Amino acid sequence: MLDLLVRNATLPDGETGIDIAVNNGRITSISRGISADAHTILDADGWLVTPPFVDSHFHLDATLSAGRPRVNQSGTLLEGIDIWGELSPTLTVEDIYERAREQCLWSIARGCLAIRSHVDITDNALLAVDALVALRNDLAPWIDLQLVAFPQYGYFRHPNARANMIRALDRGLDVVGGIPHFERTMMEGGDSVGALCRIAADRGLPVDMHCDETDDPNSRHVERLALEAHRLDLHGRVAGSHLTSMHSMDNYYVSKLLPLMQEAGLAAVANPLINIVIQGRHDTYPKRRGLTRVKEMIEAGIPVALGHDCVMDPWYSLGSHDMLEVAHMAVHVGHLTGVAEMEAMFDSVTGTAAEIMHLEGYGLQEGCNADLVVLQARSKVEAIRVRANRLYVVRRGRVIAESAPQSVALTLGSERESVDFVSQKG
């Protein structure tokens, strides 16, 4: 007797009519015509079954705080920073925990079962650290949270960041973060990269830095990040997030930079929703898009994931934590409409992101965790096109979220028919 049997699934590689057997929280078999009884049987009805979505860049400590204490009327980064400065003194552990928990429920409903969240550690009380460590433990049966120690106001620039970094890591944060472009000078920014990578190397931790999140083509801290990853043998454990200055760099320099990143085993995390909103604000026309060079990095063999970054906070008042919306925006703004490119964007919010985060047991193979999402789409590209409805979300072989198939009933004269915006079966 199986715990779960999913019948008639379409797999991400396009294979159809597949059954997936689950026992004890693991996938035990993937093949056609599995003959077995199960406590729960799901008929996928030919819909796409995929591993869960993964958000490799988010800020749970700020999420769902939009409008407190006031609305960002301009929608700009600078006003958002001012508002956050007004809100921060009023925060409590309980407030951060409850907002982040509600956000995680949204995420689970959207089929996102892993989030890497950056956590501001420049608050001396470390309220967000305590709140999110508790939340990570409480929600572990349903969602994986990775927490990045993030010196939001600069590792050297903020007077308490260096001491707080150690305190935060000692309290159980998982990843070393940084923000070198926010330091006072380019030199000090580079020095912060070196210092933070040394901490990670000494502790055996990964690194994920907000890096060069600016329109300035001379912000080149990713080069130093690649150097330190190579020098300290952190290959495969370092990610540069945002990397928006690369959008404005000259092609010759980028032709040198990409091989350095690849050699150092760097990964990149782009955040298309937030970066096309925040970047290019000083431009008249033509306006820069701000998204980093996703296509070129993939072509250079650099793993690229996509993050949502923000949902309803002082910097971004929109969002519902739909990772397909993130991929959909990347496809458009990055000129990534080739079939292989669109499929790569789906992978950037699933498998590639999981690899960057080193998630154990992730995937759709025998022996992997039985974490699955049944999407109302027939392919990865179609899932992006329609931002597919999540019919079932499965965690360790148990259905934890479900919704009815979406369609619209039309009455045209005397005829009544339904439209569901997806391909017909077969």
Side-chain angles (χ1 to χ4, degrees), residues 55-65 80-81 83-101 103-104 115-137 145-184 188-189 191-211 213 221 225 228 234 237-242 269 271 307 309-310 313-315 357:
D55 186 350
S56 50
H57 188 105
F58 199 72
H59 292 265
L60 280 170
D61 49 358
T63 194
L64 304 185
S65 63
I81 291 172
I83 291 171
W84 184 251
E86 296 167 19
L87 176 61
S88 293
T90 71
L91 296 177
T92 64
V93 170
E94 293 74 21
D95 172 61
I96 296 167
Y97 181 99
E98 290 302 325
R99 283 187 289 104
R101 185 181 185 280
Q103 172 63 64
C104 287
I115 300 173
R116 175 179 279 184
S117 176
H118 296 254
V119 185
D120 182 19
I121 54 91
T122 56
D123 159 38
N124 279 341
L126 297 181
L127 300 179
V129 172
D130 290 343
L132 295 180
V133 166
L135 185 69
R136 180 187 63 191
N137 298 336
L145 300 182
Q146 266 186 20
L147 304 179
V148 184
F150 177 47
Q152 184 162 308
Y153 296 103
Y155 182 67
F156 289 137
R157 190 171 187 173
H158 191 278
N160 302 313
R162 279 171 280 185
N164 287 354
M165 173 64 67
I166 302 304
R167 293 172 59 216
L169 294 174
D170 287 345
R171 293 193 190 187
L173 269 59
D174 307 293
V175 183
V176 176
I179 186 167
H181 56 277
F182 197 75
E183 303 293 353
R184 291 184 178 88
E188 197 167 58
D191 290 344
S192 76
V193 173
L196 289 161
C197 285
R198 170 52 66 187
I199 292 173
D202 290 345
R203 288 176 171 252
L205 296 176
V207 175
D208 190 334
M209 289 197 187
H210 287 61
C211 203
E213 189 186 1
H221 297 299
L225 188 61
E228 296 297 339
L234 295 170
R237 290 165 48 193
V238 179
S241 290
H242 292 290
V269 182
N271 299 285
D309 200 4
C310 308
D313 65 16
W315 298 278
M357 290 174 58

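In this text, all values refer to a predicted model and were calculated from it rather than measured experimentally. Scope of the values below: all heavy atoms of this structure, side chains included, with no hydrogens, waters or symmetry mates.
Between Pro89 and Gly85, the shortest heavy-atom distance links the atoms CD-O, 3.2 Å. Contact record, Ala161 with Tyr155: CB-O, 3.5 Å, taken as the closest heavy-atom pair. The minimum heavy-atom distance linking Asp120 with Tyr153 is given by the pair OD2-CE1, 4.0 Å. The heavy-atom pair separating Ala62 from Trp315 by the smallest distance is CB-CZ3, 4.0 Å. Considering all non-hydrogen atoms of both residues, Leu196 and Gly178 come closest at CD1-CA, 3.7 Å. Of all the heavy atoms in His118 and Ser241, the pair that sits closest is NE2-OG, 4.5 Å.
Applying the side-chain hydrogen bond (donor to acceptor under 3.5 Å, both in side chains) test to Gln152 and every residue at least two apart in sequence or in another chain returns nothing. In terms of the side-chain hydrogen bond (donor to acceptor under 3.5 Å, both in side chains) criterion, residue partners of Trp84 (sequence neighbours excluded) are, by chain and number, Ser88. Residues meeting the ring pair (Phe, Tyr, Trp, His ring centres under 6.0 Å) test with Phe58, sequence neighbours left out: His321. Partners of Asn160 by side-chain hydrogen bond (donor to acceptor under 3.5 Å, both in side chains), not counting sequence neighbours, listed by chain and number: Asn124. Under the side-chain contact (heavy atoms from CB on, under 4.5 Å) criterion, Arg136 pairs with Val133, Leu145, Leu147, Asp174, sequence neighbours left out. Taking His181 as the reference, nothing meets the ring pair (Phe, Tyr, Trp, His ring centres under 6.0 Å) condition, with sequence neighbours excluded. His221 is linked by a ring pair (Phe, Tyr, Trp, His ring centres under 6.0 Å) to nothing, counting only residues two or more places apart in sequence or in another chain. Residues that satisfy the side-chain hydrogen bond (donor to acceptor under 3.5 Å, both in side chains) test with Arg162, not counting sequence neighbours, are absent from this structure. Looking at residues two or more places apart in sequence or on another chain, you find a side-chain contact (heavy atoms from CB on, under 4.5 Å) between Ala125 and Asp123, Leu127.
Remark: of the listed residues Val193, Leu225, Val176, Leu225 is the sole one forming a side-chain contact (heavy atoms from CB on, under 4.5 Å) with Val238.
Put simply, the side chain of Thr63 never gets that close to the backbone of Leu60: no donor and acceptor are under 3.5 Å apart. Checking side-chain atoms of Asp130 against main-chain N and O of Val93 turns up no donor-acceptor pair under 3.5 Å. Under a 3.5 Å cut-off, the side chain of Glu183 and the backbone N or O of Phe156 do form a donor-acceptor pair. Put simply, the side chain of Arg237 gets close to the backbone of Leu205: a donor and an acceptor are under 3.5 Å apart.
Listed by first and then second residue, the salt bridge (Lys or Arg N to Asp or Glu O under 4.0 Å) pairs that reach into residues 91-100 are Arg68-Asp95, Asp95-Arg99, sequence neighbours excluded. The list of salt bridge (Lys or Arg N to Asp or Glu O under 4.0 Å) pairs with a residue in residues 83-92, not counting sequence neighbours, reads Arg70-Glu86. Residue pairs meeting the salt bridge (Lys or Arg N to Asp or Glu O under 4.0 Å) criterion with at least one partner in residues 200-210, sequence neighbours excluded, are Arg116-Asp208, Asp170-Arg203, Arg198-Asp202.
For Phe150 and His59, the gap between ring centers is short of 6.0 Å.
We find the CG-CZ distance between Leu132 and Arg171 to be 12.5 Å, quoted to the nearest 0.5 Å. Remark: Cys197 SG to Leu234 CG distance equals 6.0 Å, nearest 0.5 Å. A distance of 8.5 Å separates CG of Leu91 from CG of Asp61, quoted to the nearest 0.5 Å. Taking CD from Gln103 and SG from Cys310, the interatomic distance works out to 10.5 Å, rounded to the nearest 0.5 Å.
Counting heavy atoms of neighbouring residues, nucleotides and ligands inside a 6.0 Å radius, atom CZ of Arg101 does not exceed 12 of them.
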Report task. Might you work through the side-chain contact (heavy atoms from CB on, under 4.5 Å) test for Leu173 and Val148, ending with a clear yes or no? Result -> CA-CA 6 Å; Leu173 269 59; Val148 184; over 6 Å; no
Query raised in the report: What's the verdict on side-chain contact (heavy atoms from CB on, under 4.5 Å) for His242 and Asp309, showing C-alpha distance, side-chain angles and the deciding distance?
Result: CA-CA 10 Å; His242 292 290; Asp309 200 4; 3.2 Å; yes
